[in-house]
Each structure stands twice: as structure tokens, then as C-alpha cells.
Amino acid sequence: MAFFLSSTSAQACGGSAREESMAIGQAPSGGGASGLSVANANSRNGYITVCWPSSAPPNRYQLVANVGGIKKIIGEFNIPKSPFAGRIPVTVSEPGPFIVVGDADMLDVAGTIALFSKNASAQDFQFDPATSIILGTPGTLVMAEHMKLKRGA
């Protein structure tokens, strides 16, 4: 069964808002491993710009995506304790596109992404509700960008 999520998202933390309508379908056939696998970040796959408001909790975050039915850590970043909002490009190992989800169960669907973090009482990284304020509301499309290099002077 497929269903649709719709949201208005701002591009790259301050770009123009646009309406996105994304379909989340079934997980691909062939199954997948349970748990998370770690993928090595590689600049060939680009980066995802993450943005946070001044109210975002300081923490170490992992970008976790479901790639082909397997949950992978595709990037990591830290939000420092600060009274300021911030923005940082995070190198990722998979380019996407991905659809932001609102809970850990939805991450079972291929092509989805969320933030995981570890709080003081947790032993392992867990889905973080800050996903919606850092990556976007559920249904937001997220994909890697590539840095443009200037050649010559």
C-alpha cells in the first residue's frame, strides 16, 4: 500500500518555499537487514545542508537513511550548545533523494531519512523528534548537493 505525504518545505534553510508531494511506497522486494549499517561518507555523493533553530538541542546527530531496504548511517554532525541558529553541510555516503519521516517505524520504508541521536539515558542511538525541525516536516524531500569548484583565477 502506498500513501502520500505533502508538505511545504524551504530549500537549503532559507530558499523559497515550495509545495512538495511525495509518495512513500512499499519496501523493495528482497528483504533487508535489521539494525543499522555504517556507510563511509564520500564527497562524490555530495552533502546535505542541515539547519537548526536556536532552540535545537545540542547533540551529536546521525543521518540515517533507508537505502534499498537497509538502514544506513549516511552522515554525522554536531549541534553545539549555543544561543544561535546554525547551518552546516554534512558529507553523505548516499545521494538520495530521501523523504523525511516523522517516526522510527516509517524509516522501514526504502527512500526515507531521519535523525538519530543518543540522550543521557539511552545506550544506543534512537530516532530523534528533532528530525522535523532540522531536516523538515514529514514528507519533505532531501537530497545531496554537490560543491561547485572554481577553476582558474
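Residues: numbered from 1 along the sequence shown.
- Proximity of L141 to P97: side-chain heavy atoms (C-beta onward) are separated by under 4.5 Å at one or more points.
- At least one side-chain heavy atom of I113 sits under 4.5 Å from a side-chain heavy atom of L63.
- Side chains of I74 and V64 form no contact here, defined as non-hydrogen atoms less than 4.5 Å apart.
- Side-chain atoms of T131 come within 3.5 Å of backbone N or O of L115 as a donor-acceptor pair.
- A distance of 10.5 Å separates CG of L135 from OH of Y61, quoted to the nearest 0.5 Å.
- Between F98 and T140, every side-chain heavy-atom pair lies at or beyond the 4.5 Å cut-off.
- Side-chain contact between I48 and M143: absent, with no pair of heavy atoms (C-beta onward) separated by less than 4.5 Å.
- Looking at heavy atoms from C-beta onward, V50 lies in side-chain contact with F77 at the 4.5 angstrom threshold.
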- prompt: Between R87 and T49, is a side chain to side chain contact (heavy atoms under 4.5 Å, CB included) present by the stated rule, with each step listed?
  reply: CA-CA 7 Å; R87 168 172 143 164; T49 301; 3.7 Å; yes
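- Within the structure, salt bridge (Lys or Arg N to Asp or Glu O under 4.0 Å) contacts touching residues 125-135 (residues at least two apart or in different chains) do not occur.
- Checking side-chain atoms of N78 against main-chain N and O of P80 turns up no donor-acceptor pair under 3.5 Å.
- Distance check: N66 CG to E94 CD gives 10.5 Å after rounding to the nearest 0.5 Å.
- The closest side-chain heavy-atom distance from D124 to F116 is not below 4.5 Å.
- Atom CG of N59 is separated from atom CD1 of I79 by 8.0 Å, given to the nearest 0.5 angstrom.
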